[in-house]
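For the single chain, residues carry numbers from 1 onward in sequence order.
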Amino acid sequence: MTAGKPVRIGNASGFYGDRFSAVREMLTGGPLDVLTGDYLAELTMLILGRDRMKDPDRGYARTFLRQMEDGLGLALERGVKVVVNAGGLNPRGLRRALEELASRLGLDLAVTHVEGDDLLERAGELGFGEPLTANAYLGAWGIAECLHGGADVVVTGRVTDASLLVGAAAAHHGWSREDYDALAGAVVAGHVLECGTQATGGNYSFFTELTRAGHDLSRPGFPIAEVHADGSSVITKHDGTGGAVTVGTVTAQLLYEIAGARYAGPDVTARFDSVELEQLGPDRVRVSGAAGEPPPPQVKVSLNRLGGFHNQVEFVLTGLDVAEKAALARAQLDAALAARPPAEVRWTLARTENADAGVQEEASAVLRCLVKDTDPKVAGRAFSGAAVELALASYPGFHVTAPPADASPYGVFTESYVDAKQVPHVAVLPSGEQVAIAPPSETRELEPVSGPVLPEPLPGGPARVVPLGRIAGARSGDKGGDANIGVWVRSDQEWRWLAHALTVDELRRLLPETAGLPVRRHVFPNLRALNFVVEGLLGEGVAARARFDPQAKAVGEWLRGREVEIPEVLL
């Protein structure tokens, strides 16, 4: 890599379980300087924690090791550095496994790793209790140090998702720790890349428009950021790959799982309200204008605990009298469990039946009973067996979707914060030398941004009741127990309407599940977008399975499907 020139950084994984062939596709599909991969999420840390309980030598993403069986040779041959967080809870163990693999393949490979994020042994001292996992979100400078030290592969544990790109860009361009604007620009680019094909047409609200325009969405290509010395970037993908890179696809990903205008990280606080997007040409979107500020003095810590055991039964209710059938089944099961009811029992009725249906499944609704308890027997066969025992004694047409089953353990995710000075951050170079990364010398407490100036409201006129999604896109996701819903439009006229029409009260009306929960609205005029944070919608997080869509992936599409009055001039 040559300082001064843009560094071309690709992504080949947005989660543990993403397309296995993406590493090879990215390494062989076109020019690249660095290949990153994000394998970690809140749920993944729980999965890896349970792996480590079974075998202390595990705790890393084994899929990545399999991808490297041919990926290592390809990367070395093409001069591509590899930077991944696949080390999970055991980056040192993954490094050893990669070195053994390289030796077996006859490759001269310099593998490094970053450690210090794992705070489990100090959890009690830091006031975290006794979690299964406790990991601080490290920044980019350990990665940069490894690359300066000659690494071909950098393996990390829990760094922020964007740090994979930021570290590579900082090493390439020689940024200092006070180059806040450049670092903020790289954070924005890293945020766009971190979820893989979500930036190239995956999970995109207006996907039908892309397909009508001739874009093949059956297999979107993975994204690439060409990061310049000032931190600005161009988001693109390899030529000839599927999907599309547009201002819309990039906007959707920028809004994914954020909160307000200040996006805090361990190295810099990026101002997302300063970001500007420009379509330069086919599959090329320029991202510029990001302003940076010193990071907050504390870093976030991800905590996972085993919460207990859960189980569920789904009763199928067909034809007439659905509400009455549901009431009977519920009363019968409640009575059967009365001697020792599970600690938590949650009933939901999904009215999916159609009148006069020509297909039996289309005539059916689903009554779901979810239970949780600290005793696996209470949440296990004692519950599911009692449900099945009703088979010949309940509503007409009784059947369930699965036989009786044992309970499964579930996890609880929480987050905490700790002073950055209390978190070790260590780069372990190819020689084994350990280089300590100092905490930031300058910090700034995170403060909310004063309310942005809203555009003039759209003048009154005739309106029609249509789905919000006729003009608005959305992207939603999870942060612990909270749901994030980003909503954007594509013209100034639409923005003049959306900024005033979609208030917190209106969101609560459209999504009744949010009615009793705290909701915060953040405004991004530069993106013509709003972001809503709904606190507690997901209970104790994805692993606790508190609702039908436990990661809030489709809440945005639910919102787009709701009908509102939209001015005819916009339709």
Side-chain angles (χ1 to χ4, degrees), residues 41-43 203 205 252 255-260 307 310-315 317 322-323 326-327 329-330 342-354 364-372 401 410-415 465-470 472-488 498 501-523 529-566:
E42 294 164 1
L43 180 60
N203 295 352
S205 290
L255 294 172
Y256 184 60
E257 294 182 346
I258 65 170
H310 68 123
N311 203 349
Q312 73 174 30
V313 172
E314 292 182 338
F315 302 88
L317 317 171
V322 165
R330 179 169 179 169
E344 182 178 343
V345 181
R346 181 180 290 114
W347 291 90
T348 57
L349 174 60
R351 296 298 299 264
T352 52
E353 80 278 8
N354 295 292
S364 301
V366 177
L367 175 66
R368 182 179 295 108
C369 183
L370 172 73
V371 301
K372 294 180 181 178
T401 58
Y410 73 89
V412 174
F413 172 86
T414 57
E415 62 183 50
V465 176
V466 296
L468 175 63
R470 281 285 300 275
R475 174 69 61 77
S476 58
D478 63 315
K479 281 293 183 185
D482 299 343
N484 295 258
I485 312 165
V487 185
W488 81 96
L498 182 73
L502 192 54
T503 63
V504 168
D505 286 344
E506 178 68 352
L507 182 89
R508 287 191 172 118
R509 183 187 73 82
L510 295 172
L511 305 184
E513 284 186 56
T514 70
L517 301 172
V519 179
R520 288 175 280 126
R521 185 180 100 143
H522 303 282
V523 182
L530 304 170
N531 188 56
F532 295 89
V533 180
V534 184
E535 297 180 18
L537 182 66
L538 308 178
E540 296 173 305
V542 55
R545 298 269 162 185
R547 68 189 297 275
F548 167 66
D549 176 14
Q551 289 181 283
K553 295 293 188 183
V555 171
E557 288 301 298
W558 175 27
L559 177 64
R560 292 182 71 238
R562 297 288 281 159
E563 293 187 340
V564 297
E565 282 194 357
I566 297 180

Yes or no on side-chain contact (heavy atoms from CB on, under 4.5 Å) for Leu317 and Leu349, after CA distance, side-chain angles and deciding distance? CA-CA 10 Å; Leu317 317 171; Leu349 174 60; 3.7 Å; yes
Restricting to salt bridge (charged side-chain N to carboxylate O under 4.0 Å, His left out), what partner residues turn up for [X], sequence neighbours left out?
X      : value
Glu563 : none
Arg521 : none
Glu565 : none
Arg351 : Glu353

Taken in chain and number order and not counting sequence neighbours, the residues that satisfy ring-ring contact (aromatic ring centres under 6.0 Å, His included) with Phe532 are none
Could I get the full list of side chain to side chain contact (heavy atoms under 4.5 Å, CB included) partners for [X], not counting sequence neighbours?
X      : result
Glu557 : Ser205, Arg560
Ala41  : Thr44
Glu540 : Lys372, Tyr410, Val412, Ala544
Asp478 : Glu42, Glu257, Leu538, Val542, Gln551

If you apply the rule side-chain contact (heavy atoms from CB on, under 4.5 Å), what do you find for Val564 with Glu506, and how did you get there? CA-CA 10 Å; Val564 297; Glu506 178 68 352; 3.8 Å; yes
Residue among Val534, Val555, Asp549 satisfying side-chain contact (heavy atoms from CB on, under 4.5 Å) with Ser476: Val555
[X] vs [Y] side-chain heavy atoms within contact, under 4.5 Å:
X      : Y      : value
Phe548 : Glu513 : no
Leu559 : Leu510 : yes
Arg330 : Val345 : no

What do the steps show when you test Gln312 against Arg346 for side-chain contact (heavy atoms from CB on, under 4.5 Å), and what is the final call? CA-CA 9 Å; Gln312 73 174 30; Arg346 181 180 290 114; over 6 Å; no
What closest approach, in Å, do [X] and [Y] show between heavy atoms, and which atom pair accounts for it?
X      : Y      : value
Val519 : Arg508 : N-NH2, 3.5 Å
Leu370 : Asn311 : CD1-O, 3.3 Å
Leu537 : Ala483 : CD2-CB, 3.7 Å
Ala529 : Trp488 : CB-CB, 3.8 Å
Gly480 : Phe413 : CA-CD2, 3.4 Å
Asn531 : Ala259 : ND2-O, 3.1 Å

Mind checking side chain to side chain donor-acceptor pair (under 3.5 Å) for [X] and listing every partner two or more places apart, or none if nothing turns up?
X      : answer
Thr401 : Glu314
Arg470 : none
Arg562 : none

Roughly how far, to the nearest 0.5 Å, is the CD atom of Glu535 from the OG1 atom of Thr514? 12.0 Å
Quick one: CG on Leu507 to CD1 on Ile485, what's the gap to the nearest 0.5 Å? 5.0 Å
